[in-house]
Each structure stands twice: as structure tokens, then as C-alpha cells.
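Below: one structure, written as C-alpha cells.
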Protein chains: 4
Amino acid sequence: MPRVVNKEAKKMQILQVAMKVFARKGVVKTKMIDIATEAAIGKGTIYEYFRSKEDIFISAFTYFFETMLDEINQAIHAEHDPVRQLQIITDYSLKSLIQGNEEFADIMMDFWAEGVRHKNQVVLSSMNLKGIYADYRKIVAKILKSGINQGIFKKMDINAAASVFIGTFDGIMLQWILDRKILNLQKVLSILLDTFINGIKIEK
Amino acid sequence: MPRVVNKEAKKMQILQVAMKVFARKGVVKTKMIDIATEAAIGKGTIYEYFRSKEDIFISAFTYFFETMLDEINQAIHAEHDPVRQLQIITDYSLKSLIQGNEEFADIMMDFWAEGVRHKNQVVLSSMNLKGIYADYRKIVAKILKSGINQGIFKKMDINAAASVFIGTFDGIMLQWILDRKILNLQKVLSILLDTFINGIKIEK
Amino acid sequence: MPRVVNKEAKKMQILQVAMKVFARKGVVKTKMIDIATEAAIGKGTIYEYFRSKEDIFISAFTYFFETMLDEINQAIHAEHDPVRQLQIITDYSLKSLIQGNEEFADIMMDFWAEGVRHKNQVVLSSMNLKGIYADYRKIVAKILKSGINQGIFKKMDINAAASVFIGTFDGIMLQWILDRKILNLQKVLSILLDTFINGIKIEK
Amino acid sequence: MPRVVNKEAKKMQILQVAMKVFARKGVVKTKMIDIATEAAIGKGTIYEYFRSKEDIFISAFTYFFETMLDEINQAIHAEHDPVRQLQIITDYSLKSLIQGNEEFADIMMDFWAEGVRHKNQVVLSSMNLKGIYADYRKIVAKILKSGINQGIFKKMDINAAASVFIGTFDGIMLQWILDRKILNLQKVLSILLDTFINGIKIEK
DNA sequence: TATGAATGAGCATTCATTCAT
DNA sequence: TATGAATGAATGCTCATTCAT
């Protein structure tokens with residue numbers, strides 16, 4: 001009988017390593033041999049678990065964002081106040097960026113950039129970047145809708161507003177990554193949230 | 001020395017062509033031969049004007065954003081009402097994205113992504129992405145400061161607020177590029193602006 | 001030691017499977033995993049019975065031609081008329097090609113081609129292609145000699161004539177494989193035989 | 001101005017080198033770097049003249065057989081006696097095999113084998129092996145027809161007979177290549193021709 | 001000055017074979 | 001004995017850059 005291996009676990013382990021290397025060197029500059037070396041396995045072994053480099057990238061990408069979505073969903077689940085829910089999302093993102101592992105921001109930006117750069121339609125559709133953002137939008141839109149129903153927020157185009165909210169995050173993250181010193185991320189996000197909520201709340 | 005003038009003009013002409021090709025194919029997928037063919041010159045000739053492909057990219061990048069900055073500066077120059085000035089910036093960006101040449105959004109996103117992806121510090125510093133965003137921030141910060149002085153806007157951390165304003169643009173642009181059908185850009189930007197201004201205006 | 005019998009039987013079974021796969025995909029395109037899968041055994045198990053892929057190929061090759069030789073020998077054994085014996089060989093080949101299993105021609109041609117292509121002298125000598133053709137030549141030469149002795153055939157260089165007879169088969173087979181529609185194999189072989197026998201028979 | 005090069009001539013030169021290496025090592029074992037080294041050029045340079053290794057192979061294949069066809073056509077052009085024409089073809093082939101460059105037989109066999117082995121339909125159709133043999137058949141068939149019309153040859157299925165004639169060549173060539181010592185090629189071909197002609201000639 | 005022919009470093013991927021279990 | 005997980009040598013091809021003309 002051959003070595004018994006939990007295929008799924010090993011695949012995940014390689015994926016984790018790949019994500020680490022992606023974060024450190026960027027997706028394009030990462031070579032298969034880099035991942036293999038870092039994972040302390042042979043180059044060929046990777047191909048036992050992934051079809052291609054692209055497959056690794058897409059898997060990492062999907063895993064990364066789905067995990068994030070899950071965590072956010074869980075985080076806001078217990079809370080029912082829409083304002084607090086938006087704060088939780090902001091806080092969660094903030095924590096992920098600066099308190100969580102140092103690579104979070106880098107890999108997210110790289111995925112993002114890689115996604116944008118892909119004119120290759122097959123890859124792009126595999127990445128389902130659209131779908132991921134649509135999911136994020138749905139979460140925020142749901143919160144906004146709930147806020148409107150509760151008479152807390154003004155009537156508005158909730159999908160467009162959700163886009164504004166989410167888009168702002170990515171843009172701010174970029175600037176923070178580019179120049180971590182200049183931007184006090186916590187303060188900026190706090191302003192963002194206040195400004196945003198101020199802008200949509202019904203004034204009493 | 002009329003040659004010098006021609007040299008400069010030809011360099012600029014190559015740069016324009018390169019930007020067009022970058023927009024169409026993406027920076028990485030663009031080959032030197034593509035630029036040469038499109039510019040109707042020889043492959044080797046490009047190297048008379050640019051040191052390397054990277055040099056072209058950085059030049060294009062710099063030219064692109066500096067031109068945009070200049071145009072925005074000119075556009076808000078005649079106006080003195082801070083709210084109107086912010087509107088002008090929004091309108092200008094909107095126009096650039098959808099009315100201006102179709103490639104604007106693509107090339108901006110690709111530059112952006114390429115910039116983020118460059119772990120190569122030498123290149124990244126050459127691109128001066130930091131500096132470019134700092135300039136944008138300055139413009140917006142100046143408007144905000146003026147608004148505060150005029151008693152229109154609340155007191156705030158104007159640099160952080162400027163980051164919020166600018167960051168939102170990039171993020172929204174991304175989502176629009178990913179899915180132009182779903183996002184009504186004009187409406188979203190209008191909401192962004194209203195929300196933002198609502199958030200910072202002194203309530204009367 | 002019943003194991004030994006089983007070993008031999010299993011080896012033969014793998015060989016049969018390998019030949020089937022060789023015929024279907026060609027030797028080079030056939031992967032070890034293909035043979036293992038088709039034989040419903042593990043990849044590693046093959047190496048319990050064969051040293052290498054080359055070993056399988058050579059074994060298959062040898063088995064294939066030796067079997068054919070045996071069958072031909074048996075077929076002509078009962079007959080004593082040289083003309084009839086040549087006809088039997090022709091008929092047997094024809095039957096093998098078109099009536100027997102559909103893969104016969106393909107695998108024979110592939111072996112043939114693979115044999116020619118092997119510049120690797122070690123492999124080539126293992127295949128003993130020379131020896132195999134020498135055996136065929138011997139059979140035909142024996143028939144021709146018998147015919148001469150019986151006063152039916154002219155005196156001739158029987159080895160050279162045997163080569164002509166055998167060589168023609170391979171060549172015609174190639175053309176038939178390349179274009180089965182154009183070539184009416186039965187008619188061509190019949191002409192071949194008539195022509196050949198006409199050419200060597202003593203005219204009365 | 002760049003180096004001036006006769007592209008067509010250089011392509012042909014590379015092709016000649018490739019054919020030499022193909023003959024020495026076999027098509028599959030020949031690596032791009034082998035051809036480049038032998039041609040004293042860089043690996044990349046080959047790709048300036050050929051799309052791929054396959055392209056080189058097909059080009060070599062086509063060139064090889066077309067050249068041979070042309071030469072045979074020229075050789076029989078001046079002669080009108082069908083028997084003599086068949087002799088000329090035999091002689092030409094014999095000369096090519098043993099007097100001409102030593103590699104002739106090897107490369108022909110390798111092309112032949114490679115052609116047979118290709119289950120890849122695209123490549124196979126590019127090689128037009130069918131077409132090439134059809135051309136050969138046409139030449140021989142024309143001679144046979146002329147012989148029949150002149151009352152020299154019996155009535156027969158000329159296409160089938162042509163196949164017999166041509167096929168025999170390939171088969172005999174194989175055996176000669178496999179064992180040059182045993183087979184006296186000249187004698188065998190002479191026998192082949194006599195036998196064949198004897199078989200189709202009208203007996204007086 | 002302009003050119004494009006020439007170059008070779010660099011890389012993803014395949015697959016026969018090994019060997020721990 | 002049987003297995004299949006692990007391996008890495010081996011190779012075709014791309015493309016930025018150089019340089020002879």
C-alpha cells in the first residue's frame with residue numbers, strides 16, 4: 001500500500017504556501033519552483049494537486065475571498081443594528097489589514113490587480129471577480145435595506161450606495177499599501193464610515 | 001539643433017502609441033514588436049528613445065497621471081466654490097471614463113494594477129505612485145481646507161478626508177470596469193459626491 | 001510454487017493490455033498510467049513485471065512477431081505445394097489485416113516504425129528486428145527452395161527473392177493503412193502473388 | 001539598416017541542417033538546440049524561420065519527397081520505353097540509397113515511420129503522406145498504362161499494380177536498412193524489377 | 001539615425017520511475 | 001505483493017534586448 005495522504009489537506013497546505021509566496025513576490029514573479037521549495041516538496045508534486053499555475057492562482061483567489069466573505073457574514077450575524085453592522089465590516093477589514101497576518105493587504109491587492117489585468121476572458125470568468133463583488137454588494141445592500149426599513153437610513157439606490165461603500169475600501173486600501181506611513185488607516189476608515197453614515201442617515 | 005525637437009516629438013509619439021497598445025492588450029501582454037508595428041517603426045528604433053520596456057511603462061504611467069492632474073487643476077482653477085470644485089473633479093473623472101476615449105478606464109486600471117503588482121522597489125519608486133496620489137490628495141485637501149475656511153465644511157482631518165474621496169474613485173472605477181452593465185456609473189458617482197458632501201458639510 | 005505460474009500469467013495479461021493500448025494510441029503516446037488503468041492495476045505494479053516501458057515495448061514487439069511466425073509456420077505445415085504455401089502466407093496476412101482484430105495493422109506498423117526510429121542500438125538489438133525478418137525470410141526461402149527442387153520455380157537467389165516477397169508486404173501494408181479506401185487490399189495482394197509467382201515460375 | 005539576409009536561403013540552409021540531424025538522431029530525439037548548434041546559430045533564430053519543431057519536420061518531409069518526385073520525373077522524361085522507365089526509377093532509387101548521401105535511406109525511413117506513427121491527424125494531414133504516395137502511384141501507373149497501350153504489358157489494374165511496385169520498394173528498403181550486410185540491395189532490386197516486369201509483360 | 005536579424009535566459013509542464021507503506 | 005504519492009530531468013518556445021549594417 002502506498003503512502004496514505006489526506007489529499008484535500010495537502011492540497012490546502014500547498015495552497016496556503018502558494019498564497020504566502022504570492023503575497024511576498026507577486027503572482028507573476030512567483031515560479032512553480034518557488035512554491036515547491038517553500039512547501040518542501042518536489043516541483044512535480046504540485047501538479048498532483050493542481051492542474052496548472054493558473055489553477056493555483058484561481059484557487060487561492062477564490063479561497064481568499066470566500067473565506068473573507070464567510071468571516072464577515074459571521075461577524076455581522078449577531079448584530080442587528082445597521083449602523084453597528086457597517087461598523088463591524090469596517091472594523092473587520094481594518095483588523096484584517098493591520099492586525100491579521102501582514103500579508104493580507106498585499107495578497108488582496110495583488111489578486112485584485114491580477115484580476116483587473118487579465119484580459120484573458122477564461123481566467124477572468126474563472127476568478128468570478130464580478131460574482132465576488134456582487135456578493136459583497138449584497139451583504140452591504142442588505143444592511144442598507146434593513147436600515148431604510150427601520151427608518152434609520154434615507155431612501156436611496158441601495159445597490160449604488162453599496163458600491164460606493166465597498167469601492168471606497170479598495171481605493172483606500174490601495175493608498176494605504178502604497179504609503180503606509182502617510183495614511184493613518186484607522187483614522188481614515190473611521191472618517192469614511194462617519195462620512196458615509198452621516199450621508200445616508202435621516203437627519204433628526 | 002532642430003534634431004532635439006524632433007527627438008522629443010518622436011519619443012512622445014511612440015509613447016502615445018504605447019499607451020494605446022497598453023490599453024488594448026494590457027501592459028504585460030504588450031510586446032515591443034506590437035508597439036513598433038503600431039508606430040510603424042522598427043523594433044530597434046524604440047530603443048533609441050527608451051531604455052527598456054519598463055522605461056516606456058514608467059514614462060507612460062507618469063505622463064498619463066501628470067496630464068490628468070494638469071487637466072483637473074485647470075478645470076477647477078476658475079471656480080472658487082469648494083462644493084462646485086469637488087463636483088468639477090467628479091464630473092471630469094466621469095467624463096474621462098465614459099465620454100473620453102474608451103481606453104481611459106482600462107489603461108488607468110492597468111497602470112494602477114501594474115503599479116501595485118510591482119514588488120520591484122526600483123520600478124515602484126520610479127513610478128512615483130505615492131507622489132502622484134499625494135498630488136491628488138493635495139488638490140482635494142486644498143479644496144477641503146478652503147471649504148472649512150469659508151465655513152462651508154466641518155473641521156476635519158483634511159488629508160484623511162481627501163484620501164477617502166480619492167480612494168473611493170479608484171474603487172468604484174474598478175467595479176464599473178468589472179461590470180459596466182450593473183453599475184450606473186453616473187448615478188453612483190453622484191451618490192458618492194452627495195454622500196460625501198453631506199457628510200462633511202456643516203448642517204444648517 | 002504456484003506463484004510463478006500466476007506471475008507469468010499476469011505478465012502476459014499486462015502485455016496483452018499494453019499491446020491493445022499501443023495499437024490504439026501508438027507506442028510513444030501511450031503512458032504507463034494508460035496501461036495500468038486499462039489493466040485495472042496500479043502504476044507501480046507494472047514494474048513488478050517489467051523493468052521499464054521499453055521492456056514492455058520490446059516484449060510486446062517480440063511476442064507479436066513470434067506469434068505471427070508460429071501461426072504462419074503452422075498454417076503452411078500441412079501443405080506441400082510451394083505455390084499453395086505462398087498463397088497461404090498471403091491469405092494469412094490478408095486475413096490478419098482485415099478480418100482479424102482491427103488493430104493488427106496499426107500495431108504492426110507502429111512496431112515497425114518504432115523499430116526503424118530507434119537509433120538507440122541497445123534497444124534495436126533487443127528488438128531483434130533483423131532476426132525476425134531473417135526468420136520470415138527463412139520460411140519463404142525454404143518454400144522457394146522446395147519449389148526449385150520440385151522443378152516448379154526457376155533457379156534464383158532465394159534469399160534475395162524472399163526479401164522481395166516479404167518487403168512487398170510491408171510496403172503495401174503501409175499504403176493500405178495510409179489510405180484504406182483507395183487500395184483494394186485483396187486485389188493488390190492477389191496481383192502481387194500472381195506477379196511474383198509468374199515471375200519465378202518456370203514457363204512451360 | 002540591419003543585416004541583410006536572404007531569408008529564403010537561410011531557411012533552406014536551416015532545413016538542410018535539420019534534415020542532417022534528423023537523419024543522424026531521428027526526429028524525436030533531435031532537439032531544437034541540436035539543430036541550432038549544428039547550424040551554428042542561436043536557438044531563438046530557428047524560430048525566426050520556422051514556427052515550431054513540427055513545422056521544421058513537415059517542411060523537411062515535404063521538401064524531401066517533392067525533391068525526389070521531381071528528380072524521378074526528370075529522369076524518366078527523356079525515355080519512352082516503359083520497361084526502361086521502370087528500370088530508371090529502380091536505378092534512381094538504388095543510386096539515391098547507396099551512392100547518394102549516406103543519410104538518404106535513414107531520413108526516408110524515419111519520415112516514413114514518423115508519418116505512420118502520427119495519430120495526430122493535423123500533423124498527418126499536413127504531411128500529406130497520402131498525396132505523396134498518390135503522386136508516386138500516378139507516375140508508375142502512367143508508365144504501366146503506356147506499356148499496355150504499346151502492347152508490351154498485359155491488361156491489369158494499373159493502380160493496384162503501381163501500388164505493388166512502389167510498396168515493394170519501401171519494404172525492401174526497410175530490410176536493407178535493418179541489415180545492410182545481409183541484403184545485396186542491387187541484386188534484390190534487380191530481381192524485383194525482373195520479377196515484376198516478367199509478371200506483367202505479355203509473353204511472346 | 002534606423003533597422004530587424006540574432007540571441008539565450010528563463011519557465012511551465014510531462015511522465016517514467018522510485019519507494020514508503 | 002501491490003500501490004500511488006512523490007519526484008526532477010528534460011525540452012519547446014517566448015520575447016526583451018543587442019548590434020552589425
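Reminder, nothing fancy here: chain letters follow the sequence lines and each chain counts from 1. Everything numeric in this text was worked out from a predicted model, so none of it was measured.
Between the C1' atom of F/dC15 and the CG atom of B/Asp34 lies a distance of 11 Å, rounded to the nearest Å. In this structure, CZ of D/Phe50 is placed 13 Å from P of F/dC13, rounded to the nearest angstrom. E/dA9 atom P lies 16 Å from atom OH of D/Tyr47, rounded to whole Å. Put simply, CD1 on B/Ile46 is 15 Å from P on F/dC15, counting in whole angstrom units. Whole-Å rounding puts the B/Ile35 CD1 to F/dA16 C1' distance at 11 Å. Rounded to whole angstrom, the span from the NZ atom of D/Lys29 across to the P atom of F/dA9 amounts to 19 Å. Remark: P of F/dC15 and CD1 of B/Ile56 are 15 Å apart, rounded to the nearest angstrom.
Taking 4.5 Å as the limit, some side-chain heavy atom of D/Leu15 sits within range of a side-chain heavy atom of D/Phe50.
Remark on DNA chain E: of its neighbouring residues A/Met32 and A/Glu48, the 5'-side contact belongs to A/Met32, judged by nearest-heavy-atom nucleotide. Toward the 5′ end of DNA chain F lies the nearest nucleotide of A/Gly42, the other residue of the pair B/Ile33 and A/Gly42 mapping further downstream. Both D/Val4 and A/Lys53 lie close to DNA chain E; mapped to their nearest nucleotides by heavy-atom distance, the more 5′-ward contact belongs to D/Val4.
C/Ile41 comes within 4.0 angstrom of sugar-phosphate atoms only, judged by non-hydrogen atoms across all strands, and of no base. In this structure, B/Tyr49 reaches the sugar-phosphate backbone alone: every heavy-atom distance under 4.0 Å involves primed, P, OP1 or OP2 atoms, never a base.
Figure legend. E/dT17 is base-paired to F/dA6; pairs are counted as Watson-Crick or G-U wobble with both atom distances under 3.5 Å.
Note on C/Lys10: every side-chain N or O is 4.0 Å or more away from OP1 and OP2 of F/dT1. Regarding contacts with the backbone of E/dA5, a side-chain N or O of D/Lys7 is found under 4.0 angstrom from either OP1 or OP2.
In D/Lys20, the NZ atom is not crowded: 12 or fewer heavy atoms of neighbouring residues, nucleotides or ligands sit closer than 6.0 Å.
Residues D/Glu38 and D/Lys25 are not paired through a salt bridge, judged by the lack of any N-O separation under 4.0 Å between the basic side chain and the carboxylate.
Cation-pi geometry between C/Lys10 and C/Tyr49 is not met at under 6.0 angstrom from the ring centre and within 45 degrees of the axis.
With E/dT7, E/dT3, F/dA9 as the candidates, the nucleotide lying closest to the side chain of A/Lys43 is F/dA9. Closest contact between the side chain of C/Lys31 and the listed nucleotides E/dT13, E/dC15, E/dC11 involves E/dC15. Proximity note for D/Thr45 (side chain, C-beta onward) versus E/dT7, F/dT17, E/dA16: the nearest is E/dT7.
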